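Here is the structure we will look at.
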There are 2 protein chains.
Amino acid sequence: MDDIDRMLIGLLQEDATRSYAALGAAVGLSGGAAHERVRKLRERGLIRRTTVEVDPVAAGRGVLAYVMIDGNAWMGGTGEALRAIPEIEEAHVIAGPASVLAKIRASSTRELQAVLRRLFEIDGVAGTRTVVVLETFFERGVHVPGPSGAPPAGPHDPAVQARRKPSTSHS
Amino acid sequence: MDDIDRMLIGLLQEDATRSYAALGAAVGLSGGAAHERVRKLRERGLIRRTTVEVDPVAAGRGVLAYVMIDGNAWMGGTGEALRAIPEIEEAHVIAGPASVLAKIRASSTRELQAVLRRLFEIDGVAGTRTVVVLETFFERGVHVPGPSGAPPAGPHDPAVQARRKPSTSHS
DNA sequence: CAACATTCTGTCAATGTCATCCATGACAGG
DNA sequence: CCTGTCATGGATGACATTGACAGAATGTTG
């Protein structure tokens, strides 16, 4: 996991349709080497999968809301129950003012209401507090931290560096 | 935008490395036809882009938190100020108990604290309430609604149907 | 400490697969 | 009947994928 790997991930996050040749040229490597690195990144699970990003509005999911869910029991299978609701895009167990936080995308406030109704049918759900999103500034992928800035684990410098500084005379 | 388009989007969300031939076979179309449909979906902006999904933990971003930001001014350029912080993955203007909701991924609680400190340097930020995520049930892409279930806009049925049911003898 | 072995990662070239384009044909609606 | 839309099937060139080989970094041994 060096700088080149980080650059590759960044480039693929921007546009995963890039050819390996272009990818290699961008990081100062041959196409084959870039291919091999990306293959290993997938193998190691750092890159989970390749997917497409869908426009929520065009897909008829123009209403976004976050819901804090209060629970009165331990909610064993809550994760599965929430996963079964397609409008729920994320669900997390949280520490703080509620038990679970869910991200909901609906086609209308009316459908949002229907989803909330379904939440109450889940065992252990005692209450909900809904936060409606008025405008989204941005949504983006995970930022892969680089060596400059803040070191990932602490203030020790593992002296990672690019394995080579080629006189990259790519045209 | 018919059922076949929805299926194509769903398949591509699962795995965008699939070949167009496989894609076509899955929906009962030739490879060329599937290619043309996907091309139009991109053109229309329904598919924004192709990207890779990165494992946050492997990328050194094991700590996830949501932060509600209170503002005392109108915060004109707040969106840009938040975008400049790479640890912030999403930022939304919300209606309710705060002005802005941000999703933050940090490598440690210490780094999370550093991000919070940076938030207070933004003009108009008066306070924050942080919700730390203990466990993530799931995170997934936008669900594209189908005709069965709840119609997107209202109870009118445009009578969309598959154009053909070929005897797809794909091996 | 030096010579060697091992391993990792790169370049280059060959090959098969696949994206992409084009001409043609079927179907529905005006 | 004519026209626009959409699918098929084949041709072609680009690209993913693989294998052989080379150099550097690291570890091992005398």
Side-chain angles (χ1 to χ4, degrees), chain A residues 1-53 144 147 157-171, chain B residues 1-9 11-53 58 147 156-171:
Chain A
M1 188 58 192
D2 57 2
D3 276 347
I4 292 185
D5 284 337
R6 271 183 281 270
M7 289 172 67
L8 288 174
I9 290 178
L11 290 167
L12 286 176
Q13 279 181 319
E14 279 177 20
D15 178 10
T17 66
R18 245 183 282 252
S19 76
Y20 284 110
L23 225 48
V27 302
L29 242 56
S30 76
H35 181 267
E36 177 65 9
R37 275 180 179 260
V38 173
R39 194 192 61 75
K40 283 181 183 168
L41 286 174
R42 287 187 207 277
E43 190 183 71
R44 276 183 256 155
L46 225 149
I47 294 180
R48 282 221 194 100
R49 58 176 179 166
T50 306
T51 94
V52 292
E53 189 181 297
V144 181
D157 190 342
V160 279
Q161 60 184 12
R163 180 166 305 276
R164 174 136 14 154
K165 179 72 65 59
S167 58
T168 316
S169 61
H170 64 74
S171 69
Chain B
M1 188 57 191
D2 58 3
D3 275 348
I4 292 186
D5 283 337
R6 271 184 280 270
M7 289 173 67
L8 288 173
I9 290 178
L11 290 167
L12 286 176
Q13 278 182 320
E14 278 177 21
D15 178 11
T17 68
R18 243 182 282 251
S19 76
Y20 285 110
L23 225 48
V27 303
L29 240 56
S30 76
H35 181 267
E36 178 64 11
R37 275 180 179 260
V38 173
R39 194 192 61 74
K40 283 181 183 166
L41 286 173
R42 287 187 206 276
E43 191 183 72
R44 276 184 256 153
L46 224 149
I47 294 179
R48 283 219 193 101
R49 59 177 178 167
T50 304
T51 172
V52 291
E53 189 182 298
H156 50 236
D157 188 344
V160 279
Q161 59 184 12
R163 182 165 305 276
R164 176 143 5 167
K165 179 72 63 63
S167 58
T168 315
S169 61
H170 65 75
S171 69

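Quick caveat: nothing in here was measured; it's all calculated off a predicted structure. Chain letters run A, B, ... following the sequence lines, proteins first, then strands; residues in each count from 1.
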Partners of [X] by side chain to side chain donor-acceptor pair (under 3.5 Å), sequence neighbours excluded?
| X | answer |
| --- | --- |
| B/R44 | none |
| B/T17 | B/D15 |
| A/Q13 | none |

Handout entry: Residue pairs passing the salt bridge (charged side-chain N to carboxylate O under 4.0 Å, His left out) test where at least one lies in residues 18-34 of chain B, sequence neighbours excluded
Key =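 Of all non-adjacent pairs touching residues 18-34 of chain B, those that pass salt bridge (charged side-chain N to carboxylate O under 4.0 Å, His left out) are B/E14-B/R18.
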Nucleotide [N], atom [atom2] - distance to [atom1] of [X] in whole Å:
| X | N | atom1 | atom2 | answer |
| --- | --- | --- | --- | --- |
| A/R37 | D/dT17 | CZ | P | 18 Å |
| B/R39 | D/dA7 | CZ | P | 12 Å |
| B/H35 | D/dA7 | NE2 | P | 14 Å |
| B/L29 | C/dC27 | CG | C1' | 15 Å |
| A/D2 | C/dC8 | CG | P | 15 Å |
| B/E36 | C/dT24 | CD | C1' | 15 Å |
| B/R18 | D/dA16 | CZ | P | 19 Å |
| A/E43 | D/dT17 | CD | P | 14 Å |

Problem - Closest listed nucleotide, where the reference is the side chain of A/Y20 and the choices are D/dT8, D/dA16, C/dT11 - result: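 Minimum distance to the A/Y20 side chain belongs to D/dA16.
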Handout entry: Candidates D/dA7, D/dT18, D/dC6 - which lies nearest the side chain of B/K40
Key =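 Of D/dA7, D/dT18, D/dC6, D/dC6 is nearest to the side chain of B/K40.
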Handout entry: Spacing of CZ belonging to A/R6 relative to CG belonging to A/L8, to within rounding of 0.5 Å
Key =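 Going from the CZ atom of A/R6 to the CG atom of A/L8 covers 11.0 Å.
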Exercise for the section: Find the bend of the helix from C/dC1-D/dG30 to C/dG30-D/dC1 as the angle between its two terminal axes (five pairs each), to the nearest 10°. Expected result: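 Terminal axis comparison yields 30°.
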Practice task
Only counting residues at least two apart or in another chain, list the ones meeting salt bridge (Lys or Arg N to Asp or Glu O under 4.0 Å) with A/R42.
Solution key: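 Here no residue qualifies.
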